2 protein chains.
Amino acid sequence: MAQKIKLSTIADALGVSTATVSLALRDSPLVADSTRDRIKDHARAIGYIYNRRAASLRTSRSGIVGVVVHDIMNPFFAEILRSIESELDRSRQTFILSNHYDQLEKQRTFIDTLLQLGADGVIMSPAIGTPPEDILMAEENGLPAVLIARTVEGAAVPVFRGDDAYGTALATNHLISLGHTRISMIGGTDQTSTGRDRYQGYLNAMEAAGLEVRPGWRIPGPRTKQAGFEAAGQFLALKDHPTAACCWNDLVAIGLMNGIARAGLTPGVDISVTGYDDLEEAAIATPALTTVWNGQREVGRRAARALLDKLSGTQVRPSQELIKPELHVRQSTGRPRER
Amino acid sequence: MAQKIKLSTIADALGVSTATVSLALRDSPLVADSTRDRIKDHARAIGYIYNRRAASLRTSRSGIVGVVVHDIMNPFFAEILRSIESELDRSRQTFILSNHYDQLEKQRTFIDTLLQLGADGVIMSPAIGTPPEDILMAEENGLPAVLIARTVEGAAVPVFRGDDAYGTALATNHLISLGHTRISMIGGTDQTSTGRDRYQGYLNAMEAAGLEVRPGWRIPGPRTKQAGFEAAGQFLALKDHPTAACCWNDLVAIGLMNGIARAGLTPGVDISVTGYDDLEEAAIATPALTTVWNGQREVGRRAARALLDKLSGTQVRPSQELIKPELHVRQSTGRPRER
DNA sequence: CTGAAAGCGCTTACAG
DNA sequence: CTGAAAGCGCTTACAG
């Protein structure tokens with residue numbers, strides 16, 4: 001590889017100063033049009049590559065934004081990421097992605113990396129057990145944070161997520177209105193705000209309808225298709241098993257439906273199933289899944305914008321933004337089967 | 001936020017030079033044990049954050065590796081990424097991820113960003129139409145590249161991918177051995193090496209068995225669940241429609257099965273379907289999908305290692321590494337139905 | 001409109 | 001084993 005080309009290479013070749021080259025390349029109005037064009041043409045011709053590390057060291061802005069979620073392989077996060085991506089692209093920010101798999105240590109390592117790289121900000125779905133101090137520490141070191149999907153009590157930052165209690169209440173009420181009285185809640189965990197809220201919404205709806213809730217009807221844990229598939233056995237083995245299942249998310253619901261089908265029953269006919277998120281594949285599942293649209297696009301878009309606002313110095317209040325979910329009724333729910 | 005803490009802050013406080021601090025923090029044997037401990041303890045105590053931009057500007061190593069694929073939302077790539085991640089984690093490299101969605105411009109922008117950040121290397125599944133010059137340019141500017149999944153003719157870099165022609169031949173031969181004679185190939189495109197190879201493998205198997213291949217039996221294009229779902233209509237509308245479909249990947253196969261089920265037919269009984277990749281969800285699909293294991297883990301692991309080898313100066317030959325696929329037979333394939 | 005000079009926070013020869 | 005000094009490649013006041 002040839003001699004490294006830098007600003008001064010261009011400056012020397014054209015008989016101007018590096019200051020002029022620097023300004024010209026960034027389209028500063030301080031530089032005469034003709035000078036600017038001459039410089040830009042030459043830079044392109046010799047294949048100049050802008051050194052962002054050097055610039056960033058000087059300006060202490062890196063153009064890097066970090067995004068950390070539980071698992072990008074989860075389509076729920078993937079859909080959020082997609083909209084974050086398109087929002088950040090527009091303002092020419094590079095983003096660095098990481099999974100924390102709900103391990104606090106991995107999350108801390110990543111935040112540390114961002115600090116070392118001088119990242120401009122971070123969008124995070126906090127790992128289970130994230131203490132508010134972790135977020136405070138980042139902010140104090142110049143790394144503003146915005147939260148998605150989950151909240152952290154005591155962290156004074158903006159949070160964007162769906163109204164989870166309202167959402168599961170929608171699903172549960174839909175099942176109740178079809179005539180179901182024994183309804184199970186499958187998946188999720190009390191260790192996250194989302195988990196607590198979704199369970200609460202289900203409880204609220206059941207109680208408001210005067211329906212009994214048996215402890216065994218809750219099968220906590222599953223969050224993946226695989227786990228939903230495996231939960232089918234446990235669900236069907238419940239004494240007087242429920243006629244409907246309100247699932248933690250679409251993945252669990254689709255897995256459960258597969259497990260139910262594998263056991264020789266027909267989901268949507270023998271057992272009604274609701275999902276949560278309305279992933280792209282909910283509509284093409286067999287049967288098509290009744291689910292709660294969770295506003296992934298909206299969450300990603302608003303979170304990215306809030307962060308960009310913070311970066312540009314706009315005051316952003318540390319508020320909870322709850323996106324209103326919507327029920328999308330499809331074929332996986334119906335009247336309870338006569339027995 | 002308090003006064004910025006840097007090496008010299010520590011040096012001043014402890015009455016040593018910045019050189020000593022720098023060496024101590026990196027565990028250099030040149031520094032006395034007691035001095036090192038004193039320095040490290042103090043650094044931790046006052047919350048020192050290492051500035052990687054400054055270090056990288058000096059050393060011209062950034063500890064950043066870029067990864068660019070068509071779409072990280074695609075579980076096929078997600079599984080590859082997972083193994084790349086665990087391999088890179090181990091050697092403490094940060095990785096930056098990007099989708100190119102098969103747009104050459106997006107891919108170029110990303111490579112440019114990597115060059116500007118002084119990334120140490122890039123692992124890429126090249127976008128359709130990537131000219132070898134793009135890869136050559138990156139390498140000449142100090143960004144070594146390793147290819148996954150697809151190859152680029154004329155690019156002298158290591159490539160890790162499955163033996164695609166062999167893989168679809170496995171699937172096709174399996175269908176033939178069950179007694180199918182009218183077999184369709186659904187999905188993929190001739191614009192990628194993978195697309196050409198997979199179609200060729202299907203053709204080879206059909207011809208070797210002396211079976212006719214009608215042009216209409218190939219439905220090119222679909223690569224997603226949604227597209228596979230939509231292709232079901234076209235497939236079922238074929239005159240004397242085939243009794244089996246060899247699909248581009250698991251997503252198309254699962255989508256197609258859903259579409260077939262929606263049309264009132266039973267996949268695995270009325271129509272046999274094979275996938276490709278053996279994603280985690282292939283095993284829990286309904287019916288469980290017969291598919292070709294494509295070695296995602298292996299591809300990711302080997303590609304990451306090859307890049308790390310390149311970075312450490314080991315000579316890596318620009319060879320094609322073909323991972324041997326394996327057929328996993330499940331319930332989505334069976335004997336053709338009598339008509 | 002353009003140039004000379006300082007400085008961002010590290011690491012690396014070079015001395016001692 | 002430790003320190004003084006130069007330099008990585010930019011940008012930013014400050015002069016003119």
Side-chain angles (χ1 to χ4, degrees), chain A residues 1-40 42-43 46-64 113 115-120 141-142, chain B residues 1-40 42-43 46-64 113 115-120 141-142:
Chain A
M1 127 177 142
Q3 191 55 40
K4 193 83 191 167
I5 296 164
K6 46 192 178 182
L7 276 193
S8 64
T9 315
I10 302 175
D12 291 352
L14 265 44
V16 295
S17 73
T18 58
T20 303
V21 177
S22 171
L23 293 168
L25 291 179
R26 283 172 298 141
D27 288 322
S28 162
L30 291 174
V31 179
D33 287 4
S34 63
T35 314
R36 174 171 28 74
D37 293 348
R38 220 156 47 92
I39 290 173
K40 291 187 118 177
H42 187 69
I46 64 175
Y48 168 69
I49 291 169
Y50 179 69
N51 187 324
R52 269 166 67 164
R53 290 170 289 178
S56 152
L57 181 58
R58 183 60 226 256
T59 62
S60 64
R61 280 283 297 249
S62 63
I64 292 177
T113 300
L115 289 169
Q116 295 185 359
L117 290 172
D120 295 334
N141 284 290
Chain B
M1 126 178 145
Q3 192 55 39
K4 194 82 193 168
I5 296 164
K6 46 193 179 181
L7 276 194
S8 62
T9 316
I10 302 175
D12 290 352
L14 266 44
V16 296
S17 72
T18 58
T20 302
V21 177
S22 170
L23 293 168
L25 291 178
R26 283 173 296 141
D27 288 320
S28 162
L30 290 175
V31 179
D33 287 3
S34 63
T35 315
R36 173 170 29 74
D37 293 347
R38 220 154 49 89
I39 290 173
K40 290 186 118 177
H42 186 70
I46 64 176
Y48 168 69
I49 291 168
Y50 179 69
N51 187 324
R52 269 166 67 165
R53 290 168 292 177
S56 152
L57 182 57
R58 183 60 225 257
T59 62
S60 63
R61 281 281 296 250
S62 62
I64 293 176
T113 300
L115 289 169
Q116 295 184 0
L117 290 172
D120 296 334
N141 284 290

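These values consider heavy atoms only, across backbone and side chains, with no hydrogens, waters or symmetry-generated copies. Worth saying up front: this structure is predicted, and the values here are computed from it rather than measured. First the proteins, then the strands, lettered A, B, ... as listed; each starts at 1.
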Have B:R38 and B:S34 got a donor and an acceptor in their side chains that come within less than 3.5 Å? no

In whole Å, what is the span from the CZ atom of B:R38 to the P atom of D:dC1? 15 Å

Under 4.0 Å: is that the gap between some side-chain N or O of A:R53 and OP1 or OP2 of D:dC10? no

Would you say A:S60 reaches C:dC8's phosphate, i.e. side-chain N/O to OP1/OP2 under 4.0 Å? no

Can you check the A:Q116 CD to C:dC10 C1' distance for me, whole Å? 13 Å

With the side chain defined as heavy atoms from C-beta on, B:V31 is closest, among D:dT2, D:dT11, C:dT11, to D:dT2

Would you mind checking if B:K40 and B:D37 are paired as a salt bridge, meaning a charged N to carboxylate O distance below 4.0 Å? no

Sorted by position of nearest nucleotide on DNA chain C, 5' first, the leading residue of A:V16 and B:S56 is A:V16

Quick check on C:dG3: is either OP1 or OP2 less than 4.0 Å from any side-chain nitrogen or oxygen of A:S17? yes

Describe the nucleic acid contact of B:A55 in one word from base, sugar-phosphate, nothing, applying a heavy-atom distance below 4.0 Å. sugar-phosphate

Quick one: A:L30 CG to D:dG16 P, roughly how many Å, whole number? 18 Å

CG of B:L57 versus C1' of C:dC10: gap in Å, rounded? 8 Å

Between D:dA4, C:dG9, C:dA4, spot the one nearest the side chain of A:A19, thanks. C:dA4

Kindly say if A:S22 contacts the phosphate of D:dC10, meaning a side-chain N or O under 4.0 Å from OP1 or OP2. no

Report yes if a side-chain nitrogen or oxygen of A:R58 is closer than 4.0 Å to either non-bridging phosphate oxygen (OP1 or OP2) of D:dT12; otherwise report no. no

Would the distance check show the side chain of B:R52 and the main-chain N or O of B:S62 forming a donor-acceptor pair, the cut-off being under 3.5 Å? yes

Grab the CG-P distance between B:L117 and D:dC8 for me, whole Å please. 20 Å

Evaluate the criterion side-chain contact (heavy atoms from CB on, under 4.5 Å) for residue pair B:V16 and B:V21; output intermediate values, then yes/no. CA-CA 7 Å; B:V16 296; B:V21 177; 3.7 Å; yes

Looking only at the side chain of A:K4 (C-beta and beyond, no hydrogens), which of the listed nucleotides D:dG9, D:dT12, C:dT12 gets closest? D:dG9

Interatomic distance, A:N51 CG vs D:dT11 P [rounded to whole Å]: 9 Å

Could you check whether A:G118 gets within reach of a base, just the sugar-phosphate, or nothing at all, counting any heavy atom under 4.0 Å? nothing

If you only use heavy atoms from C-beta on, which nucleotide in D:dG9, D:dT11, D:dT2 is closest to the side chain of A:L7? D:dT11

What is the base-pairing partner of C:dA13, counting Watson-Crick and G-U wobble geometry with both distances under 3.5 Å? none

Taking CD1 from B:I10 and P from C:dG9, how many angstroms apart are they, rounded to a whole number? 13 Å

If you find the nucleotide of DNA chain D closest to B:T35 and the one closest to A:L23, which residue's nucleotide is nearer the 5' end? B:T35

Integer-rounded Å distance: D:dC8 C1' and A:Y50 OH: 15 Å

Looking at CG of B:D12 and OG of B:S17, how far apart are the two atoms once the value is rounded to the nearest 0.5 Å? 10.5 Å

Look at the side chain of A:A32 and decide which nucleotide, out of C:dT2, C:dG9, D:dG9, has an atom nearest to it. C:dT2

Would you say a side-chain N or O of B:R61 is under 4.0 Å from OP1 or OP2 of C:dT12? no

Against the side chain of A:T18, the closest entry in C:dG3, D:dT11, D:dC1 is D:dT11

B:R58 side-chain N/O to B:A54 backbone N/O, donor-acceptor pair under 3.5 Å: no

Taking only side-chain N and O atoms of A:Y48, does any of them lie within less than 4.0 angstrom of OP1 or OP2 on D:dC10? yes

